[in-house]
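For ligands, and for the atoms within them, numbers begin at 1 and follow the listed sequence.
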Amino acid sequence: MKIAIGCDHAAFEEKKIIIDYIESNFEYQVIDLGCHSSDSVDYPEYGHLVGKHVASGKSDKGIILCGSGLGISIAANKINGIRAALCLSTEYAEISRKHNDSNILALGARFVDIDNLKSIIDVWFTTKFEGGRHLTRINKIELT
Ligand code: RB5
């Protein structure tokens with residue numbers, strides 16, 4: 001499984017910790033699409049990069065982070081086929097996989113501490129989509 005990851009400057013330190021965490025605890029290949037320093041950048045660029053990577057099939061899933069998780073998730077969701085879910089708790093991570101088949105996990109580095117970010121990632125990685133009526137619904141999301 002390939003996981004694309006991207007962030008803005010507000011989450012650069014957390015991204016490094018999260019990449020180490022995933023590589024140490026899961027047999028996934030992490031593809032780091034930036035940013036690559038704490039210098040100020042614009043979150044839409046990284047939301048789009050990760051969104052396009054996942055939507056094109058270059059990665060199976062993605063993780064995106066900014067300060068709140070809001071801006072970068074809004075940007076990623078502009079890419080057709082992307083269902084980026086901003087998850088502030090493990091409960092949101094669980095329901096976003098079971099009901100929405102979220103293919104990108106969005107995290108807010110300024111609002112969730114690192115232990116909780118790791119817990120959210122654990123749940124998001126290990127929870128399966130339930131399909132059925134939820135498949136009918138997610139198939140209605142795209143307008144084109
Ligand atoms: C950057 O200061 C901040 O606006 C960004 O990380 C994010 O929170 C936007 O939604």
Side-chain angles (χ1 to χ4, degrees), residues 1-130 134-135 137-144:
M1 170 115 85
K2 291 183 184 171
I3 309 293
I5 190 165
C7 70
D8 75 356
H9 55 282
F12 174 65
E13 294 299 331
E14 286 79 3
K15 175 167 68 71
K16 285 194 290 188
I17 295 168
I18 284 170
I19 290 171
D20 283 348
Y21 179 71
I22 294 171
E23 289 179 340
S24 305
N25 291 280
F26 298 89
E27 290 187 2
Y28 297 159
Q29 181 188 346
V30 182
I31 301 161
D32 184 358
L33 298 177
C35 62
H36 298 292
S37 80
S38 295
D39 294 344
S40 184
V41 294
D42 297 327
Y43 59 78
E45 294 176 17
Y46 298 92
H48 293 161
L49 270 178
V50 174
K52 287 177 184 173
H53 216 267
V54 173
S56 68
K58 290 181 188 162
S59 293
D60 301 291
K61 288 181 180 171
I63 296 179
I64 50 177
L65 306 95
C66 67
S68 62
L70 286 165
I72 202 162
S73 61
I74 292 168
N77 277 317
K78 293 292 181 186
I79 308 297
N80 272 355
I82 291 306
R83 294 178 300 280
L86 172 57
C87 296
L88 301 180
S89 69
T90 54
E91 289 82 2
Y92 267 63
E94 182 179 356
I95 207 74
S96 85
R97 289 288 311 125
K98 281 184 173 175
H99 286 196
N100 313 114
D101 197 20
S102 57
N103 50 13
I104 292 184
L105 171 64
L107 298 168
R110 289 177 176 160
F111 289 86
V112 182
D113 67 40
I114 193 66
D115 287 339
N116 279 313
L117 291 176
K118 290 175 182 174
S119 298
I120 289 168
I121 289 167
D122 287 345
V123 170
W124 193 72
F125 276 158
T126 55
T127 305
K128 292 194 179 349
F129 179 48
E130 287 180 350
H134 302 297
L135 179 61
R137 291 166 184 165
I138 68 166
N139 283 339
K140 292 183 175 181
I141 290 174
E142 299 298 337
L143 294 174
T144 53

Name each donor-acceptor pair under 3.5 Å that joins a side chain in residues 58-72 to protein atoms two or more places apart or in another chain, with its distance.
{"residue": "Ser59", "atom": "OG", "partner": "His53", "partner atom": "ND1", "Å": "2.6"}
{"residue": "Asp60", "atom": "OD2", "partner": "Lys2", "partner atom": "N", "Å": "2.6"}
{"residue": "Ser68", "atom": "OG", "partner": "Leu70", "partner atom": "N", "Å": "3.0"}

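- Pairs of residues two or more places apart, or lying in two chains, that qualify as salt bridge (Lys or Arg N to Asp or Glu O under 4.0 Å) and include a residue from residues 84-95 are Glu94-Lys98.
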Are there any protein N or O atoms under 3.5 Å from the N or O atoms of ligand 1? List them with distances, or say none.
{"residue": "ligand 1", "atom": "2 (O)", "partner": "Arg110", "partner atom": "NH1", "Å": "3.3"}
{"residue": "ligand 1", "atom": "6 (O)", "partner": "Asp8", "partner atom": "OD2", "Å": "2.6"}
{"residue": "ligand 1", "atom": "6 (O)", "partner": "Gly67", "partner atom": "N", "Å": "2.7"}
{"residue": "ligand 1", "atom": "8 (O)", "partner": "Ser68", "partner atom": "N", "Å": "2.9"}
{"residue": "ligand 1", "atom": "8 (O)", "partner": "Ser68", "partner atom": "OG", "Å": "3.1"}
{"residue": "ligand 1", "atom": "10 (O)", "partner": "Ser68", "partner atom": "OG", "Å": "3.2"}
{"residue": "ligand 1", "atom": "10 (O)", "partner": "Gly71", "partner atom": "N", "Å": "2.9"}

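- For the atom pair CD1 of Ile3 and CD1 of Ile104, the computed distance is 10.5 Å after rounding to the nearest 0.5 Å.
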Give the table of side-chain donor-acceptor pairs shorter than 3.5 Å for residues 33-43, with sequence neighbours excluded, one pair per line with atom names and distance.
{"residue": "Ser37", "atom": "OG", "partner": "Asp39", "partner atom": "N", "Å": "3.0"}
{"residue": "Ser37", "atom": "OG", "partner": "Asp39", "partner atom": "OD2", "Å": "3.4"}

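- Put simply, the side chain of Ser102 gets close to the backbone of Ser96: a donor and an acceptor are under 3.5 Å apart.
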Checking side-chain contact (heavy atoms from CB on, under 4.5 Å) for the pair Leu107/Val112: CA distance, chi angles, key distance, verdict?
CA-CA 8 Å; Leu107 298 168; Val112 182; over 6 Å; no
